[in-house]
Number of protein chains: 2
Amino acid sequence: MSGSRGARDGQEYSLLLDDQLCFALYAASRAVTQRYRPLLDDLGLTYPQYLVLLVLWEYGSVPIKEIGAALQLDYGTLTPLIKRLEAAGLARRERRPDDERTVLVSLTDEGGDLRVRARAVPVAIGDAMGLSPEDHREAMRILRTLTAQVAASG
Amino acid sequence: MSGSRGARDGQEYSLLLDDQLCFALYAASRAVTQRYRPLLDDLGLTYPQYLVLLVLWEYGSVPIKEIGAALQLDYGTLTPLIKRLEAAGLARRERRPDDERTVLVSLTDEGGDLRVRARAVPVAIGDAMGLSPEDHREAMRILRTLTAQVAASG
DNA sequence: CACGATTACATTGTGCACAATCTAATCGCC
DNA sequence: GGCGATTAGATTGTGCACAATGTAATCGTG
């Protein structure tokens, strides 16, 4: 199991796959995304598209930059993604009149209506994760700490 | 088994981005991968390529199927990835003589040598995550629980 | 041994992620 | 008003992820 390896604060860092929190994180993230897939397929969405709609449902009309800030995604990801939402008739893109650099993304009626059908999604996912309320809270706390630390250490 | 959950035992599932553990997980995973990038760039690797090398360093000569089982990745991801490792001179691909269906992946000398330089990577990442030993253990436990539950609920 | 089923892998196509580079609109400052 | 710097966004290219489909080798059973 744990031999002589890099250590700090009594923690050991090996090159063994199963020892790595990073891999556990990466695997968990992909497993959850896969669990989302059949649910989101029914809505005609991918997981990142669903995330963009969460932002739009919450805030209404939003510049792409703010969507990127909320989701930590860049234009290279968002520009084509939002164009696909537009092609699907769920979102609209329009330049802000008083600043033509900014593209405001807003919901069509169809995109707004999807919110009702999406209500069941987080419930189903929360259920599938099968964590106790305490573990759920702990996971949120640790992941936020980790994300903040990792971002700050760059 | 823990039974049904939903909003039922005191947890609430909203459509608000910040409430969602799934998003925290997704964001944390990408943040960690980004933190890996500069470290792995020095080795000429991407994160998934690094994961494949972890498996090879640990087990030596491995069929693609087993690499996929260890990393939970399919052939569509692994076939081109391993071909890039081969093109970089780090890995070799050869058919198993007694079963020509199987492709055994093994390390070149150069791929083996990279292990020494990679030792510093998990240490740096563990350091950047900045979790206490207790939180680190808790995170591993919760993520494994979550991954197992989510996979089983499909 | 024949032959359908299975297995291991490859290929194709779509959609993220993200770095690097580019364009056009706006702002700051004189 | 003129002009360099900044800002918002688009584009291009590489590399995952993963579904769907295809192919060749092997196995199982009669």
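Letters go in sequence order (proteins before strands), and every chain restarts at 1.
Distance CG (B/Asp74) to P (C/dT11): 14 Å, rounded to an integer number of Å. Residue B/Asp98 contributes atom CG, which lies 13 Å from atom C1' of C/dA8 at whole-angstrom precision. Rounded to whole angstrom, the span from the CZ atom of A/Arg30 across to the P atom of D/dA17 amounts to 6 Å. Nucleotide C/dA17 holds its C1' atom 14 Å from the CZ atom of B/Phe23, rounded to whole Å. The distance from atom CD1 of B/Ile67 to atom P of C/dA10 is 11 Å, rounded to the nearest whole Å. Summarising the geometry, the separation between CG on B/Leu51 and C1' on D/dC16 is reported as 11 Å, rounded to the nearest angstrom. To the nearest angstrom, C1' of C/dA10 lies 15 Å from CD of B/Glu100. Spacing between atom OH of A/Tyr36 and atom C1' of D/dA17 amounts to 18 Å, rounded to whole angstrom units.
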Original post:
Between A/Tyr50 and B/Leu15, does a side chain to side chain contact (heavy atoms under 4.5 Å, CB included) hold up when you go through it step by step?
Top reply: CA-CA 10 Å; A/Tyr50 167 74; B/Leu15 285 175; 3.8 Å; yes

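Among C/dG15, C/dA17, C/dC18, the nucleotide with an atom closest to any side-chain atom of B/Tyr26 is C/dA17. Between D/dA17, C/dA19, C/dA25, one nucleotide has an atom nearer to the side chain of B/Pro48 than all others, and that is D/dA17.
A/Ser14 and B/Pro122 get closest at one heavy-atom pair: O-CG, 3.5 Å.
Expressed to the nearest 0.5 Å, how far CD1 of A/Ile142 lies from CG of B/Leu143 amounts to 8.5 Å.
Both B/Leu146 and A/Met140 are part of a single hydrophobic cluster, where members link through side-chain heavy atoms under 4.5 Å apart. No chain of hydrophobic side-chain contacts below 4.5 Å, direct or via other Ile, Leu, Val, Met, Phe, Trp or Tyr residues, connects B/Leu53 to B/Leu104.
A/Thr147 places no side-chain N or O within donor-acceptor distance of the main-chain N or O of A/Arg144, the cut-off being under 3.5 Å.
For B/Gln34 and C/dA17, the shortest distance from a side-chain N or O to OP1 or OP2 is not below 4.0 Å. Taking side-chain N and O atoms only, A/Thr46 has no distance below 4.0 Å to OP1 or OP2 of C/dG15. Residue B/Gln49 places at least one side-chain N or O under 4.0 Å from the OP1 or OP2 atom of D/dC16.
In this structure, A/Tyr47 and A/Tyr36 have tilted ring planes: the angle between them lies in the 30° to 60° band.
For CG of B/Asp109, the number of neighbouring non-hydrogen atoms (other residues, nucleotides, ligands) closer than 6.0 Å is 12 at most.
Salt bridge present: A/Glu138 and A/Arg141 bring a charged side-chain N and a carboxylate O closer than 4.0 Å.
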Original post:
Tell me, for nucleotides 3-14 of chain D in 5' to 3' order, what letter each nucleotide earns: B for a base near a protein heavy atom under 4.0 Å, S for only sugar-phosphate near one, - for neither?
Top reply: ----BSBBB---

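One end of the helix from C/dC1-D/dG30 to C/dC30-D/dG1 points its axis 20° away from the other end's axis, with each axis taken from 5 pairs and the angle rounded to 10°.
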